[in-house]
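Side chains are part of it too, since the values below use all heavy atoms of this structure and drop only hydrogens, waters and symmetry mates. All of these numbers come straight from a predicted model, not from anything done at the bench.
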Amino acid sequence: MHVITGKFILDSASEVAKMLDALVGRVERSRGRAGCIDYQFAQSLVDPCEILLMEKWASQGDLDAHMAIPDPEFSEVLASVRIRSVHISVCEAGEERVMMER
C-alpha cells in the first residue's frame, strides 16, 4: 500500500474556498479509480488556510495510473490559487492495523 500525505497552505480564506470547491470533484473522481483505498482532503482545525491531504493506494501501479489521468479542473485551480507552501510525500506501508473502530 502507498500512503500519500500532504499539506497546502494558501494565502487567504478566499483562496481556500476556491481550492475546496475544486477538491470535492477531485475526491469523487479519485475514489472511483482502481486501487484507491481512501482519498481525502480536509481543512485544518488549527489553521483555516491549511488544507490537508491523505490518500491510500493499493499499489505503485495504481498510484501511477491515477497520476497519469489528466484532471483539467483540478489543474486549473492549482495553477490559479495563491499557494504559500505545499509539501506532499509518499511512503510505502506494510500491513495496516486497526487501532480503534466503532
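Within 6.0 Å of CD on Glu76 lie no more than 12 heavy atoms contributed by other residues, nucleotides or ligands. At most 12 non-hydrogen atoms from other residues, nucleotides or ligands lie less than 6.0 angstrom from CG of Leu45. Around NZ of Lys7, the count of heavy atoms belonging to other residues, nucleotides or ligands within 6.0 Å does not exceed 12.
When hydrophobic residues (I, L, V, M, F, W, Y) are linked wherever their side-chain heavy atoms come within less than 4.5 Å, Met99 remains an isolated member.
A tilted orientation is assigned to the rings of Phe8 and Phe41, their planes being inclined by 30° to 60°.
Between Arg29 and Asp71 a salt bridge is recorded (basic side-chain N to carboxylate O distance below 4.0 Å). The existence of a salt bridge linking Arg26 and Glu73 is excluded, since no basic side-chain nitrogen approaches an acidic carboxylate oxygen closer than 4.0 Å. Salt bridge annotation for Asp38-Lys56: absent, with no cationic side-chain nitrogen under 4.0 angstrom from a carboxylate oxygen.
With hydrophobic clusters built from ILVMFWY side chains whose heavy atoms lie under 4.5 angstrom apart, Leu10 shares a cluster with Val27. One hydrophobic cluster, built from ILVMFWY side chains closer than 4.5 Å, holds both Leu63 and Ile88.
Cys49 places a side-chain heavy atom less than 4.5 Å from the side chain of Arg84.
Residues Gln43 and Pro48 approach most closely at NE2-O, 2.6 Å, considering heavy atoms. The two atoms that bring Gly35 and Asp62 nearest to each other are CA-OD2, 3.3 Å, heavy atoms only.
For the atom pair Ser30 OG and His66 NE2, the distance stands at 4.0 Å (nearest 0.5 Å).
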